[in-house]
**Q** 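Before anything else, here's the structure in question.
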Amino acid sequence: MALGLIGTKVGMTQVYDDQGEAAPVTVLQLGYRDKPRKNATRAERGHVSNSLESKRRKKRQGQDIPRKADVEPQRVIREFKLDGGAAPEVGQKLTVDLFKDVKAVDVIGTTKGRGTSGVIKRWGFGGLPAAHGAKKVHREVGSTASLASNRGSGRPKKGKKLPGRYGHERVTTRNLRVVSVDAENNLLLVRGAVPGFNGAYVMVRPTNKK
């Protein structure tokens with residue numbers, strides 16, 4: 001079974017290993033967060049409740065209706081693929097103990113949104129020379145004379161690095177080593193940085209990279 005949990009990025013810190021070397025780690029708090037019923041739609045409440053009445057449920061009386069978890073509506077719902085084996089029971093509580101025997105994980109999140117940015121900030125361009133005669137062009141893109149894919153057609157080449165929206169995209173950071181599992185506080189420490197701001201939701205799963 002491919003394990004997976006939804007977590008919250010707490011922040012970064014450092015820990016020392018048995019050899020006394022400091023390792024930069026990101027602290028992830030794993031679990032689910034309830035959503036107030038007043039903020040949940042009727043579909044979200046019916047997704048987890050066995051007792052919520054609906055016209056569709058009345059029409060299916062006498063049929064085998066899948067059992068619901070009977071919990072509060074959740075803020076974030078994601079799906080994880082199973083690679084065979086027994087699936088978790090409906091309503092079963094999953095904790096960080098799922099990763100106690102996992103050596104490395106993949107963390108999926110949304111990067112920080114930085115708005116519309118120039119090529120120096122977005123792509124790391126070096127800029128133009130700040131010499132005499134160069135006036136207010138130090139952070140420009142540079143020449144785009146060969147931008148057309150066919151000379152004179154005006155159709156730009158795909159993948160050209162230009163100014164534009166930077167960040168706020170789904171990113172998967174792969175093969176992060178699991179440094180520590182704190183079952184009491186439901187915390188997972190992984191070596192390295194993960195996408196997103198402190199407090200952002202992330203998905204954690206065992207890595208499939210060898």
**Q** Distance-only, no hydrogens or angles: does the Arg67 side chain make a donor-acceptor pair with backbone N or O of Val90 under 3.5 Å?
**A**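 Judged by distance alone, yes, a pair lies under 3.5 Å.
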
**Q** Would you say the side chain of Arg177 lies within less than 4.5 Å of the side chain of Val190, judging by non-hydrogen atoms?
**A**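 A side-chain contact under 4.5 Å is absent here.
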
**Q** Just wondering, do Gln74 and Arg33 contact through their side chains at under 4.5 Å, heavy atoms?
**A**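 A side-chain contact is absent here, since even the closest heavy-atom pair is not under 4.5 Å.
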
**Q** Could you tell me if the side chain of Val25 sits less than 4.5 Å from the side chain of Thr13, heavy atoms only?
**A**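 Yes - at least one pair of side-chain heavy atoms lies under 4.5 Å apart.
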
**Q** Check this for me: does any side-chain nitrogen of one of Lys35 and Glu44 sit under 4.0 Å from a carboxylate oxygen of the other?
**A**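 Between Glu44 and Lys35 there is a salt bridge, with a charged N closer than 4.0 Å to a carboxylate O.
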
**Q** Should Glu140 and Val119 be marked as a side-chain contact (heavy atoms from CB on, under 4.5 Å) after you check the CA-CA gap, both sets of side-chain angles, and the distance that decides it?
**A** CA-CA 8 Å; Glu140 295 293 333; Val119 292; over 6 Å; no

**Q** Any idea which heavy atoms bring Pro129 and Ala134 closest together, and the distance?
**A**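 Shortest heavy-atom separation between Pro129 and Ala134 comes out as O-CB, 3.4 Å.
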
**Q** Quick one: pull up OG1 in Thr95 and CD in Glu184 and give me the separation to the nearest 0.5 Å.
**A**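 The OG1 atom of Thr95 sits 13.0 Å away from the CD atom of Glu184.
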
**Q** Under a single-linkage definition using a 4.5 Å side-chain heavy-atom cutoff for Ile, Leu, Val, Met, Phe, Trp and Tyr, are Met12 and Val179 assigned to the same hydrophobic cluster?
**A**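 No.
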
**Q** Looking at Tyr166, is Arg122 sitting on its ring face, NZ or CZ under 6.0 Å from the six-membered ring centre and within 45 degrees of the normal?
**A**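 No cation-pi geometry.
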
**Q** How about NE2 on His138, more than 12 heavy atoms from neighbouring residues, nucleotides or ligands closer than 6.0 Å, or not?
**A**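 Count over threshold, so yes.
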
**Q** Any donor-acceptor pair under 3.5 Å linking the side chain of Lys68 with the backbone of Gly46?
**A**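 Yes, the answer is positive, given that a donor and an acceptor are paired below the 3.5 Å cut-off.
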
**Q** Can you confirm whether Phe125 sits close enough to Lys161 that some side-chain heavy atom of one is under 4.5 Å from a side-chain heavy atom of the other?
**A**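 A side-chain contact under 4.5 Å exists here.
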
**Q** Minimum heavy-atom separation for Pro195 to Val171, with atom names?
**A**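 That would be CG-O, 3.7 Å.
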
**Q** Trp123, Leu128: one ILVMFWY side-chain cluster at the under-4.5 Å cut-off?
**A**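 Different hydrophobic clusters.
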
**Q** Would you compute the distance between atom CG of Leu94 and atom CZ of Phe99 and round it to the nearest 0.5 angstrom?
**A**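 So the CG of Leu94 and the CZ of Phe99 are separated by 9.5 Å.
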
**Q** Regarding Asn186 and Gln29, do their side chains bring together a donor and an acceptor under 3.5 Å, going by distance alone?
**A**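 Result is no, nothing qualifies.
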
**Q** Measure the spacing between CD1 of Ile108 and CE of Met203 and express it to the nearest 0.5 Å.
**A**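 Those atoms lie 4.5 Å apart.
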
**Q** Would you compute the distance between atom CZ of Phe80 and atom CZ of Arg205 and round it to the nearest 0.5 angstrom?
**A**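 Phe80 CZ to Arg205 CZ: 8.5 Å, rounded to 0.5 Å.
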
**Q** Has Gln92 got a side-chain atom pairing as donor or acceptor with Glu89's backbone, closer than 3.5 angstrom?
**A**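 Pair found, side chain donor or acceptor close to backbone of Glu89.
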
**Q** Does a sphere of radius 6.0 Å around CZ in Arg139 hold more than 12 heavy atoms from other residues, nucleotides or ligands, not counting ones at 6.0 Å or beyond?
**A**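 Open.
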
**Q** Is it true that a side-chain atom of Lys9 and a backbone atom of Gly196 form a donor plus acceptor pair closer than 3.5 Å?
**A**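 Yes, the answer is positive, given that a donor and an acceptor are paired below the 3.5 Å cut-off.
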
**Q** So, the side chain of Asn185 versus the backbone of Leu187: is there a donor-acceptor pair under 3.5 Å, distance only?
**A**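 Such a contact is absent between Asn185 side chain and Leu187 backbone.
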
**Q** Treating Thr8 as the side-chain partner and Ala200 as the backbone partner, does any N or O pair qualify as donor plus acceptor under 3.5 Å?
**A**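 No, Thr8 side chain to Ala200 backbone: no donor-acceptor pair under 3.5 Å.
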
**Q** Compare all side-chain heavy atoms of Pro163 with those of Val141 and state whether any distance is below 4.5 angstrom.
**A**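 Yes. Closest side-chain heavy atoms under 4.5 Å.
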
**Q** Determine which pairs satisfy side chain to side chain donor-acceptor pair (under 3.5 Å) with at least one residue from residues 188-203, sequence neighbours left out, and list them in order.
**A**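 Sorted pair list comes back empty.
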
**Q** For Arg114 and Ser117, which heavy atoms make the closest approach, and how far apart are they?
**A**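 Smallest interatomic distance, heavy atoms only, reads O-OG, 3.5 Å.
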
**Q** Side-chain donor-acceptor pair under 3.5 Å between Asp106 and Thr207, yes or no?
**A**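 There is such a pair between these side chains.
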
**Q** With hydrophobic residues grouped by side-chain heavy-atom distances under 4.5 Å, do Phe197 and Leu176 end up in a single group?
**A**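 The answer is no; the residues belong to distinct hydrophobic clusters.
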
**Q** Is the shortest heavy-atom distance from the side chain of His47 to the side chain of Ile77 under 4.5 Å?
**A**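 Yes. Closest side-chain heavy atoms under 4.5 Å.
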
**Q** If we count only N and O atoms by modelled type, under 3.5 Å, do the side chains of Arg75 and Asn39 hold a donor and an acceptor together?
**A**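 No - no donor-acceptor pair under 3.5 Å links their side chains.
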
**Q** Give the cluster check for Val71 versus Val76: same hydrophobic cluster or not, with ILVMFWY residues linked at side-chain heavy-atom distances below 4.5 Å.
**A**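 Val71 and Val76: separate clusters.
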
**Q** With side-chain contact (heavy atoms from CB on, under 4.5 Å) as the test, pick out the partner of Leu5 among Leu188, Val202, Val105, Leu98.
**A**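 When Leu188, Val202, Val105, Leu98 are each tested with Leu5, the side-chain contact (heavy atoms from CB on, under 4.5 Å) holds only for Leu98.
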
**Q** Tell me if a side-chain donor or acceptor on Ser49 pairs with a main-chain N or O of Ser51 at a distance below 3.5 Å.
**A**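 Yes: the side chain of Ser49 pairs with the backbone of Ser51.
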
**Q** Should we say atom CZ of Arg37 is surrounded by more than 12 heavy atoms from elsewhere, each under 6.0 Å from it?
**A**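 Result for CZ/Arg37: open.
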
